[in-house]
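The chains referred to below are lettered A, B, ... by the order of the sequence lines, with proteins before strands, and numbering in each begins at 1.
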There are 2 protein chains.
Amino acid sequence: MKEGNILNQLKVVCSLCSLRELCLPIGFGPAELQQLDVLTGSKRHVKRGEYLYRTGMPFASIYAIRGGFFKTSILHEDGREHVTGFHMMGDIMGLDAISTDMHGCDAVALEYSEICEIPFERLSELSMTMPVLRHNLHKVMSREIAFDHEVMLMLGKMRAEERLAAFLLNLSQRFSARGYSAASFQLRMTREEIGSYLGLKLETVSRIFSKFQDEGLIAVQKKLIELKDENGLKRLLGSLA
Amino acid sequence: MKEGNILNQLKVVCSLCSLRELCLPIGFGPAELQQLDVLTGSKRHVKRGEYLYRTGMPFASIYAIRGGFFKTSILHEDGREHVTGFHMMGDIMGLDAISTDMHGCDAVALEYSEICEIPFERLSELSMTMPVLRHNLHKVMSREIAFDHEVMLMLGKMRAEERLAAFLLNLSQRFSARGYSAASFQLRMTREEIGSYLGLKLETVSRIFSKFQDEGLIAVQKKLIELKDENGLKRLLGSLA
DNA sequence: CATGGATTATGATTTAGATCAAATCGTTTC
DNA sequence: GAAACGATTTGATCTAAATCATAATCCATG
């Protein structure tokens, strides 16, 4: 890792740019940064409720979230909708579309959001000459695969309470990694959307929030969640029976 | 798509090599094929029950299955195991490990298998100068992400019978794509492993196999499955209620 | 700021699938 | 080839979460 020191210096340089720091984590030289600027030129904002892309639309770009909150969901033939993920600042969306050249899910903003559009073909070409960029792209895709496997474990093996605990802890950890409070945050999605993501019904989500509150694990006020006993939630997760 | 004709010719050239055709789908020139041969030099065989890799082992290579059958699974703290996938000839395993430089799941051979080990760093470097290889690598990773989302929909929204139907149709389709019979195949995994993958108990899997048989949808003889009414299974999948 | 449509909370009842239990079938081992 | 073990099938019972139902609350918009 001879590059280590240089990378650490650059970390400071690009600390203000969420894309560089979070999406395609740091490690570029000044010349490379210029190229990246060209790449990430196209910024867009998406209003609450607006679709960033829809199933079936031709794929050309992936999207890095600069700020805001999204959900992605797939639609089954019979009309059932399943929320496949919630995405926040620094996350990259649209990676699932590369294989088919067509978006395979819908992406909706759950609040006013700003994204930057990254033409995938250009990114791929750039990655040719920029080993760090290439590595980061692979890392981002790989992380999504690994995370999806965790979600499968959750959907396939956990009980409702465990799913909710895992969900809250994951949200907390992600907010925390972005510099926001780990203990207190605003939910951007409805109980129904949480339920859809976790394979539960909204009533079950609501009931368990109430139960967690009664047990002193969290405090719920509509969409504001406070984690009162993080370890309690973790214990709930790790234990059998 | 000016490359189209060339690619089609090459398709024939490498039609005998499962790796080239299926894993990193076709599109290489003769010179590039030589380089690929260097890359894919390391072949290994894995006996039934043997681990190809385990959670926590350092990541260096991804693995292309030349023949045989694998399952991958993750272990929860409390001992619960969840099967995250079944993998056959042409599939690539280990992509989830790139992000952490460490394998995040176990890969076990369910029958005698042959794999070829692809040092990821070298593949990544090669992809620098071989646009088609680069594109295919991205496609393979993207396909896994998209497929995982389908699995989430299955685990989160489908009833037990629908999951089994989806599972059987997916297996059938994959065998078919590899030149085997779509209508008749041998299961390599136990009812318990199917259950683990689908978020069901082995008794439920067994009961539904029996039910499907009674309804004339399939014929089951231990591990040999015959799809008697593919459309019936598809109907089961697409319908509400 | 009033009105109507979402969203949430909570209770009563139902049900799909889990759990518990036992018998059968297969296959590996000694 | 008998013993032992694992895998499968099938039945009876139980339970976690779904469904149905109602009320309360929120909040979006004219």
If we fit an axis to the first five pairs and another to the last five of the helix from C:dC1-D:dG30 to C:dC30-D:dG1, what angle do they make, to the nearest 10°?
50°
Separation of D:dT8 atom P from B:Q213 atom CD, nearest Å, is 14 Å
Residues in side-chain contact (heavy atoms from CB on, under 4.5 Å) contact with B:V108, at least two apart in sequence or another chain:
B:Y51, B:K71
Sequence neighbours excluded, the answer for side-chain contact (heavy atoms from CB on, under 4.5 Å) partners of A:A60 is none
If you count every heavy atom of other residues, nucleotides or ligands that lies below 6.0 Å from A:F175 atom CZ, does the total exceed 12?
yes
To the nearest angstrom, how far is B:R188 atom CZ from D:dA7 atom P?
18 Å
Classify every nucleotide of nucleotides 4-18 of chain C by which part a protein heavy atom approaches to under 4.0 Å, writing B for the base, S for the sugar-phosphate alone and - for neither, in 5'-to-3' order.
---SBBBBB----SS
A:H149: what forms a ring-ring contact (aromatic ring centres under 6.0 Å, His included) with it, not counting sequence neighbours?
none
Distance in angstrom units between A:L198 CG and D:dA18 P, rounded
11 Å
Rounding to an integer number of Å, can you tell me how far B:Q221 CD sits from C:dC25 C1'?
14 Å
Under the ring-ring contact (aromatic ring centres under 6.0 Å, His included) rule, collect the residues that match up with A:F120, sequence neighbours excluded.
A:F59, B:H138
Validation: residues 213-224 of chain A side-chain donor-acceptor distances under 3.5 Å, sequence neighbours left out:
residue	atom	partner	partner atom	Å
A:Q213	OE1	A:V220	N	2.7
A:E215	OE2	A:K211	NZ	3.2
A:K223	NZ	A:M189	O	3.3

Among all residues two or more places apart in sequence or in another chain, which pass the side-chain contact (heavy atoms from CB on, under 4.5 Å) test with B:T72?
B:Y53, B:T84, B:H87, B:M93, B:C105, B:A107
All ring-ring contact (aromatic ring centres under 6.0 Å, His included) counterparts of B:Y112, not counting sequence neighbours
B:H45
